[in-house]
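Beneath this line is the structure, given in structure tokens, with notes to follow.
What's counted below: heavy atoms across the whole structure, side chains too, no hydrogens, waters or symmetry copies. Throughout, a chain's letter reflects where its sequence line sits, starting with A, and its residues are numbered from 1.
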Amino acid sequence: MSPAASRRWLIGDSLDVAPLLLGCLLQSDVDDVRVTVRLTEVEAYGGPGLDPDSHTFRGKTPRNLVMFGEVGHLYVYFTYGMHWCANVVMHDDGGVGAALLRAGEVVDGVEIARQRRPGSRDRDLARGPARLTRALGIDGRLNGIDLYGPASPIRLIRRPAEAGSVVVTGPRVGVHDPRPWRFSLDHPTVSPYRPAKPRRQG
DNA sequence: GATATGATCACCT
DNA sequence: GGTGATCATATCG
């Protein structure tokens, strides 16, 4: 399948496409070692209408540029002074949006993931967005890469969730918007829910 | 140029 | 359950 055909399933509102990521494989060959994760938790951002919690809410900037670009690319950003988070770009033609990769189960390269996250229990290796990027060796160097490029160090392999698996929905973690744009499987690698920090003078 | 804050985690109690 | 770590980005002056 050509790259153009391979990425086509990512065209659509992030709200609709994000849950399709559940069960898919994210395969990393960063630093010449392979770690593969089966995605168990994602969140949609920049979906239909206004999403105040999306990095794109205030328009195009150098940082969020990738989210406006071609679907199937990786948007990587740095936060809290020490963490990297990764998103898969997905949106309607001419639109903007992405899905934050929040958690996964390491299904290949467990030894490598353990080295990258010493002390973690196996279920915690990619449990949380920053842990996931660390387990896979993802950092700012990989911002904007094409997950369907012929020589891409990171690939997204489409795979349906197991038959009979339940998709859990709920509010996104750490934001004020109550809309249920978080999607997860019923699996121990899913990160715990944490409400947004209350705002001053509500 | 200065400042506030964040799509978090690890470690403590 | 609470807190410290630590810095890019956006926004304001």
Do the side-chain N or O atoms of A/T61 get closer than 4.0 angstrom to the phosphate oxygens (OP1, OP2) of C/dA10?
-> yes
Report yes if a side-chain nitrogen or oxygen of A/R117 is closer than 4.0 Å to either non-bridging phosphate oxygen (OP1 or OP2) of B/dA10; otherwise report no.
-> yes
Whole angstrom is fine here: how far is it from CZ in A/F57 over to P in B/dA7?
-> 13 Å
Of the nucleotides C/dT11, C/dC7, B/dC9, which has the atom closest to the A/F78 side chain?
-> C/dC7
In whole angstrom, give the distance that lies between atom CD of A/E41 and atom P of B/dT8.
-> 10 Å
In whole angstrom, what separates A/M82's CE from B/dA7's P?
-> 14 Å
Find which nucleotide of DNA chain B each of A/S120 and A/G174 is nearest to by heavy atoms, and output the residue with the more 5' nucleotide.
-> A/G174
Phosphate contact (B/dA7 OP1 or OP2) by A/R182 side-chain N/O below 4.0 Å = no
Let me know the distance between CG of A/L101 and P of B/dT8, rounded to the nearest Å.
-> 13 Å
A/R194 side chain N/O closer than 4.0 Å to the phosphate oxygens (OP1, OP2) of B/dT8?
-> yes
Hey, any chance A/V175 and A/F57 share a hydrophobic cluster, counting ILVMFWY side chains that come within less than 4.5 Å of each other, even indirectly?
-> no
Qualifying residue, where the test is ring-ring contact (aromatic ring centres under 6.0 Å, His included) with A/W84 and the options are A/Y75, A/Y77, A/F78 = A/F78
Could you tell me the separation between the CZ atom of A/R63 and the C1' atom of B/dA7, rounded to a whole number of Å?
-> 9 Å
Please determine if a side-chain N or O atom of A/R58 lies less than 4.0 Å away from the OP1 or OP2 oxygen of C/dT11.
-> yes
Is A/Y80 stacked on the base of B/dG6, with ring centres under 5.5 Å apart and planes under 30° apart?
-> yes
Counting heavy atoms not belonging to A/R116, are there more than 12 under 6.0 Å from its CZ?
-> yes
Kindly confirm or rule out a cation-pi arrangement of A/R172 over A/Y45, judged by NZ or CZ under 6.0 Å from the six-membered ring centre and within 45° of its axis?
-> yes
Rounding to a whole Å, what distance do you find between A/L125:CG and B/dC9:C1'?
-> 14 Å
What would the secondary structure line of DNA chain B be in dot-bracket form, counting Watson-Crick and G-U wobble pairs under 3.5 Å, with [ ] for pairs that cross earlier ones and | for pairs with another strand?
-> ||||||.|||||.
Could you pick out which residue, A/V175 or A/R131, lies toward the 5' side of DNA chain B when each is mapped onto its nearest nucleotide?
-> A/V175
Within less than 4.0 Å of OP1 or OP2 of B/dA7, is there a side-chain N or O belonging to A/H55?
-> yes
Atom CH2 of A/W84 to atom P of C/dA8: distance rounded to whole Å?
-> 8 Å
Nearest-Å distance, NE2 (A/H83) to P (B/dA7)?
-> 13 Å
Considering all heavy atoms of both residues, which atom of A/L125 and which atom of A/A135 are nearest to each other, and what is their separation?
-> O-CB, 3.5 Å
Checking only heavy atoms, does the side chain of A/Y77 share a donor-acceptor pair with the base of B/dA7 at less than 3.5 Å?
-> yes
Verify the distance criterion only: is there a donor paired with an acceptor across the side chains of A/R102 and A/S191 at less than 3.5 Å?
-> yes
Tell me whether A/I112 is reachable from A/V37 by hopping between hydrophobic residues (I, L, V, M, F, W, Y) whose side-chain heavy atoms are closer than 4.5 Å.
-> yes
Can you list the steps and then say if A/I154 with A/Q27 is a side-chain contact (heavy atoms from CB on, under 4.5 Å)?
-> CA-CA 6 Å; A/I154 314 249; A/Q27 187 170 72; over 6 Å; no
